[in-house]
Amino acid sequence: MLKGAVIYGANARGKSNFIRAMNTMKRIVMFSFNQASTKSLDVTPFLLNTETEKKPSHFEVLFEILGVRYRYGFEVTHIEIVAEWLYESKKNAEKLLFIRHGDGIEVASSYKEGLNLEEKTRNNALFLSVVNQFNGLISKRIIK
């Protein structure tokens, strides 16, 4: 695994915005569970396009932990989490662990650590963060 990475390119090509986006994603994952139910998520949409300024911001990452590949992402406005998903791939096929659309969260039976926590998840908190607070092994590895 890489211990570091390099981002390079011409001036004004989005390098700083990429770093800001990754920091925003990290902040939401790490701290959405701890904030009050009325607090905003402090996400600024892309404002230079009138079509995107009212749409949710989309974050998604692919990574590997202990030989298992994961795809995790979410869509968020400054008020709430609109969508969230987690998939794992132990071989070639991707398997859904959970998916969230609006107020509904569907948890796969194989993702036992997430079962029965759907109702404990506020609209401004990530389900992954909630599962981590209840000591879910996979969620803890992902957040770490």
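If you read the sequence from its start, that first residue is 1, and numbering goes on from there.
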Legend entry - Lys95/Glu88 salt bridge by N-O under 4.0 Å criterion: yes
Inset, instruction - Ignoring hydrogens and angles, tell me if any N or O in the side chain of Ser89 forms a donor-acceptor pair with the backbone of Asn92 under 3.5 Å. - result: no
Inset, instruction - Specify the closest pair of heavy atoms between Leu115 and Ser109, including all atoms of both residues, with the distance to one decimal. - result: CD1-O, 4.2 Å
Legend entry - Backbone N/O of Gln133 and side chain of Lys140: donor-acceptor pair under 3.5 Å: no
Legend entry - Atom pair OG (Ser57) and CZ (Phe74), whose distance is rounded to the nearest 0.5 Å: 9.5 Å
Legend entry - Closest heavy-atom pair and its distance - Gly114, Val131: CA-CG2, 3.9 Å
Legend entry - Tyr70: which of Phe63, Phe98, Tyr111 passes ring pair (Phe, Tyr, Trp, His ring centres under 6.0 Å): Phe63
Legend entry - Gap between atom CD of Glu80 and atom OG1 of Thr77 - 0.5 Å precision: 5.0 Å
Inset, instruction - Starting at CZ of Arg69, measure out to NZ of Lys91 and round the result to the nearest 0.5 Å. - result: 12.0 Å
Inset, instruction - Test Arg100 against every option in Ile81, Leu86, Leu128 by the side chain to side chain contact (heavy atoms under 4.5 Å, CB included) rule and name the one that passes. - result: Ile81
Inset, instruction - Would you confirm whether Thr121, through its side chain, and Leu117, through its main-chain N or O, come within 3.5 Å as a donor-acceptor pair? - result: yes
Inset, instruction - Please check if the side chain of Glu84 supplies one atom and the backbone of Gly73 the other of a donor-acceptor pair under 3.5 Å. - result: no
Inset, instruction - Answer with yes or no whether the hydrophobic clustering places Trp85 together with Tyr72; edges join I, L, V, M, F, W, Y residues whose side-chain heavy atoms lie under 4.5 Å apart. - result: no
Inset, instruction - Using the six-membered ring of Tyr87, assess whether NZ or CZ of Arg71 lies under 6.0 Å from its centre and within 45 degrees of the ring axis. - result: yes
Legend entry - Student check: side-chain heavy atoms of Val107 and Ile99 closer than 4.5 Å: no
Legend entry - Separation between CG of Asn132 and CZ of Phe127, rounded to the nearest 0.5 Å: 12.0 Å
Inset, instruction - Answer yes if the side chains of Ser139 and Glu113 hold a donor-acceptor pair under 3.5 Å, and no otherwise. - result: yes
